[in-house]
Participant: 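First the structure, then my questions, so here it is.
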Amino acid sequence: MKNALAAAVLVAVVATAGCSTPAARPQAVLECDYKALKRNAPSGGPALTAVAYGSVKDIPADAVLMSDERLFRSVIVQHLSTSTTPGGTVQVTARLANCTAGPLGVRARVAFLDSNMAPVEAVSAWRPVFLPHGGMAVYQESSLSPKATHYYIELAPN
Amino acid sequence: MRATACALAGLLLAASTVADARERRPRLENRGGVPARDLDPSEKGLVTGVGIESQDIQAMTNQMARDLIASGFLGRFSTPPRVLIDEQEFRNEGSQIINRRMITQRLLVELNRAAQGKITFVGQRYAGMVARQRDLKREGVTDTGTTGLTQGQAGVDFFLGGAIMTLDSRDPRTGVVQRLNQIAFELVDAETGELAWTGMYEFQRAAAEDVIYR
């Protein structure tokens, strides 16, 4: 009985050895799920607030600001991070997923802010970002100042 | 009587001239024209083609300044390096006529602002004037100023090199023109010729109606 159980376990282990979690599948098709975006998007955190509170809805810092609803429905920010460059400045990285049915051209720029949400430098120049159909593209920009602690990326149609 | 008639005729002529001018005025207006307006140089303008435009100059110089500061190049020096940024070694090998200094001068200003004293920029463009001022001081025509004398003009540690390159293609059937613009930037060690930093800005555009750049 013990031997049979051990054999069954061994068979199961061997059979599943080539499998892994869904996230590590060898191939996949890009799918955008806006319900999941709404459900799982982190909330709270730093934000840019208007002088007359509420007159301009809070703009989340360390995030991507979409220029309009149509663009919001076309692109999902799949990854967002910051790192320190060899020069001691801050580099932001945003990986954008194309949720439309064709190739998409957008443009992006970033505003780097200090801890009080004041700009530490002039906003970066607009740069085009081309997202292939069913694919993603990476936007990266580094600050000129080492004092940048927050940022927001602006995304607009190209 | 004759004078009164002449005066009346003159008055009528003047009145008709004014009336004619009023009638003509609408015709002279350039109703279909474009009035002068201020434009954002970081955005595409009213006249756009496949070449380097204002928004590209802003974008490329901004990106190169950010790349150079981020590269860690400045961390190698305890004393601010002397850098020459001008158009002398920044060549136009492309098909577009362009004032190269529009790029190099903007890059200089962006870097000067961002480096905050970590780079000393050398204005070799003014070497002639500097030599004259040095002579005037040493000949006693002027006093020595307040910052003291040096043995010679500032030597350069690094200088900017680079090139504007283009690849043009045209479909004779549709008239569509396409251009790949590549702008390369290099910071060259003025003693050894080594490349201390390199950067590249490139874009490709197509249009059915090209514009004339001059």
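Note that this is a predicted model, so its numbers are computed, not measured. Quick note on labels: first sequence line is chain A, next is B, and so on, each numbered from 1.
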Participant: Side chain, backbone, both or neither: which part of Thr85(A) has a heavy atom under 4.5 Å from chain B?
Facilitator: both

Participant: Does the side chain of Arg73(A) come within less than 4.5 Å of Tyr34(A)'s, by heavy atoms?
Facilitator: yes

Participant: Using non-hydrogen atoms and a 4.5 Å limit, figure out which bit of Gln55(B) sits close to chain A: side chain, backbone, both or neither.
Facilitator: neither

Participant: Quick check: are there more than 12 heavy atoms from other residues, nucleotides or ligands sitting under 6.0 Å from CZ of Arg70(A)?
Facilitator: no

Participant: Indicate whether the side chain of Ser115(A) and that of Thr149(A) have a donor and an acceptor atom separated by less than 3.5 Å.
Facilitator: no

Participant: Check each atom of Leu74(B) against the heavy atoms of chain A and say whether the ones under 4.5 Å are side chain, backbone, both or neither.
Facilitator: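 Neither part.
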
Participant: Find the one option among Ser71(B), Ala70(B), Gly75(B) whose heavy-atom pairs under 4.5 Å with chain A are most numerous.
Facilitator: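 Among Ser71(B), Ala70(B), Gly75(B), the one with the most close pairs to chain A is Ala70(B).
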
Participant: Quick one: what part of Ser145(A) sits under 4.5 Å from any heavy atom of chain B, side chain, backbone, both or neither?
Facilitator: neither

Participant: Please flag which part of Val120(A) lies under 4.5 Å from any non-hydrogen atom of chain B: side chain, backbone, both or neither.
Facilitator: neither

Participant: For atom CE of Met102(B), is the number of surrounding heavy atoms from other residues, nucleotides or ligands below 6.0 Å larger than 12?
Facilitator: no

Participant: Go through the atoms of Arg109(A) and report whether side chain, backbone, both or neither lie under 4.5 Å from a heavy atom of chain B.
Facilitator: neither

Participant: So for Glu141(A), is it side chain, backbone, both, or neither that comes closer than 4.5 Å to the heavy atoms of chain B?
Facilitator: side chain

Participant: What heavy-atom pair brings Gln58(B) and Glu110(B) nearest, and what distance separates the two atoms?
Facilitator: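 For Gln58(B) and Glu110(B), the tightest heavy-atom pair comes out as O-OE2, 4.3 Å.
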
Participant: Should we count CZ of Phe72(A) as having more than 12 external heavy atoms under 6.0 Å?
Facilitator: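 At most 12 heavy atoms, drawn from other residues, nucleotides or ligands, come within 6.0 Å of this atom.
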
